[in-house]
Amino acid sequence: TVPAPAPSPSPSAIGGPALSPAVTPFGDDGHELFFEVRDHAYLPLYYLALMPEASFGKDPGGFHAASLVWHALCGLLVLCFVHALTGRVFLAGAAALLYVCHPIAVESVAWASGRKDQVSLALLLAGLTVWTAWLRRGGRGRLASAAALLFLGCFAKGTVVVFPLLAGMIWLMERRR
């Protein structure tokens with residue numbers, strides 16, 4: 001006898017709250033985004049970043065379009081970060097082009113679950129760019145912004161905890177100039 005196929009899991013069993021057009025951050029089911037831990041991780045910004053596309057229902061076009069927008073934003077942030085770090089436009093453009101075209105970075109565009117990579121990278125790069133500006137020009141606002149971007153990035157994906165290490169490396173590099 002041939003065993004019956006297993007039923008497909010519900011969206012909430014796969015690892016995220018069920019996203020539907022009715023879900024809003026402050027609406028009926030939105031409280032789950034900020035008060036639930038899934039798979040031993042608290043990532044409310046990851047789920048929040050998926051909510052606008054949920055209005056498309058099961059049509060993947062919305063998720064793919066939004067992933068392209070996030071990918072382009074990350075490419076722009078790579079450009080800004082490398083330019084802030086080196087002051088060289090050509091090098092910054094080459095780094096951004098490499099990021100945008102590299103298969104590892106492109107993979108997160110194809111999968112909706114890769115959104116946490118895009119959101120966390122955007123917050124990490126923005127934070128490091130602000131950190132670099134703080135090292136050169138000072139200002140409490142820049143330092144507070146860098147800290148806030150680190151804090152928010154950790155709510156998108158835990159790997160953003162490398163921020164202090166990267167910031168320390170940038171500080172050492174700036175000190176040698």
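None of the values given here were measured: they were computed from a predicted structure.
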Item to check | Separation between CH2 of W70 and CG of L121, rounded to the nearest 0.5 Å | outcome: 10.5 Å
Next on the checklist: Taking the side chain as everything from C-beta on, heavy atoms only, tell me whether Y46 gets closer than 4.5 Å to R115.
Outcome noted: yes
Item to check | Step-by-step side chain to side chain contact (heavy atoms under 4.5 Å, CB included) determination, Y99 to H71 | outcome: CA-CA 9 Å; Y99 167 77; H71 190 66; 3.6 Å; yes
Checklist entry - So which heavy atom on G127 is nearest to which on A146, and how close? => result O-CB, 3.8 Å
Next on the checklist: Nearest 0.5 angstrom please: W171 CH2 to W134 CH2, how far?
Outcome noted: 10.0 Å
Checklist entry - Would V82 end up clustered with V162 when hydrophobic side chains under 4.5 Å apart are linked, directly or stepwise? => result yes
Checklist entry - Are any of the side-chain heavy atoms of E174 and I170 separated by less than 4.5 Å? => result yes
Item to check | Cluster check V78, L91: I/L/V/M/F/W/Y, side chain < 4.5 angstrom | outcome: yes
Next on the checklist: Can you confirm whether M173 sits close enough to L85 that some side-chain heavy atom of one is under 4.5 Å from a side-chain heavy atom of the other?
Outcome noted: yes
Checklist entry - Which pair of heavy atoms, one from G153 and one from V160, lies closest together, and at what distance? => result O-CG2, 3.4 Å
Item to check | Minimum heavy-atom distance between C154 and L43, given as atom pair plus value | outcome: O-CD2, 4.1 Å
Item to check | Interatomic spacing from CG in L77 to CD in Q118 - rounded to 0.5 Å | outcome: 12.0 Å
Item to check | F81 vs L124, side chain to side chain contact (heavy atoms under 4.5 Å, CB included): CA-CA, chis, key distance, verdict | outcome: CA-CA 10 Å; F81 173 62; L124 177 69; over 6 Å; no
Item to check | Heavy-atom closest contact (G75 atom, A96 atom, distance) | outcome: O-CB, 3.5 Å
Item to check | Interatomic spacing from CG in L149 to CZ in F163 - rounded to 0.5 Å | outcome: 7.5 Å
Next on the checklist: Would you say CZ of R88 has more than 12 non-hydrogen atoms from neighbouring residues, nucleotides or ligands within 6.0 angstrom?
Outcome noted: no
Next on the checklist: Is it the case that over 12 heavy atoms from other parts of the model lie below 6.0 angstrom from the CD1 atom of I104?
Outcome noted: no
Item to check | Minimum side-chain heavy-atom gap V109-H64 below 4.5 Å | outcome: no
Checklist entry - Can L166 be reached from V161 by stepping across I, L, V, M, F, W or Y side chains whose heavy atoms are under 4.5 Å apart? => result no
Checklist entry - Between A156 and V119, which heavy-atom pair has the shortest distance, and what is it? => result CB-CG1, 3.6 Å
Checklist entry - Would you call K116 and S120 a side-chain contact if the rule is heavy atoms closer than 4.5 Å? => result no
Checklist entry - Got a second to check how far S145's OG is from L152's CG, nearest 0.5 Å? => result 10.5 Å
Checklist entry - Heavy atoms, side chains only, cut-off 4.5 Å: are K157 and D117 in contact? => result yes
Next on the checklist: When you group the ILVMFWY residues by side-chain heavy-atom contacts below 4.5 Å and let the links chain together, are L125 and L98 in the same group?
Outcome noted: no
Checklist entry - L79, L73: one ILVMFWY side-chain cluster at the under-4.5 Å cut-off? => result no
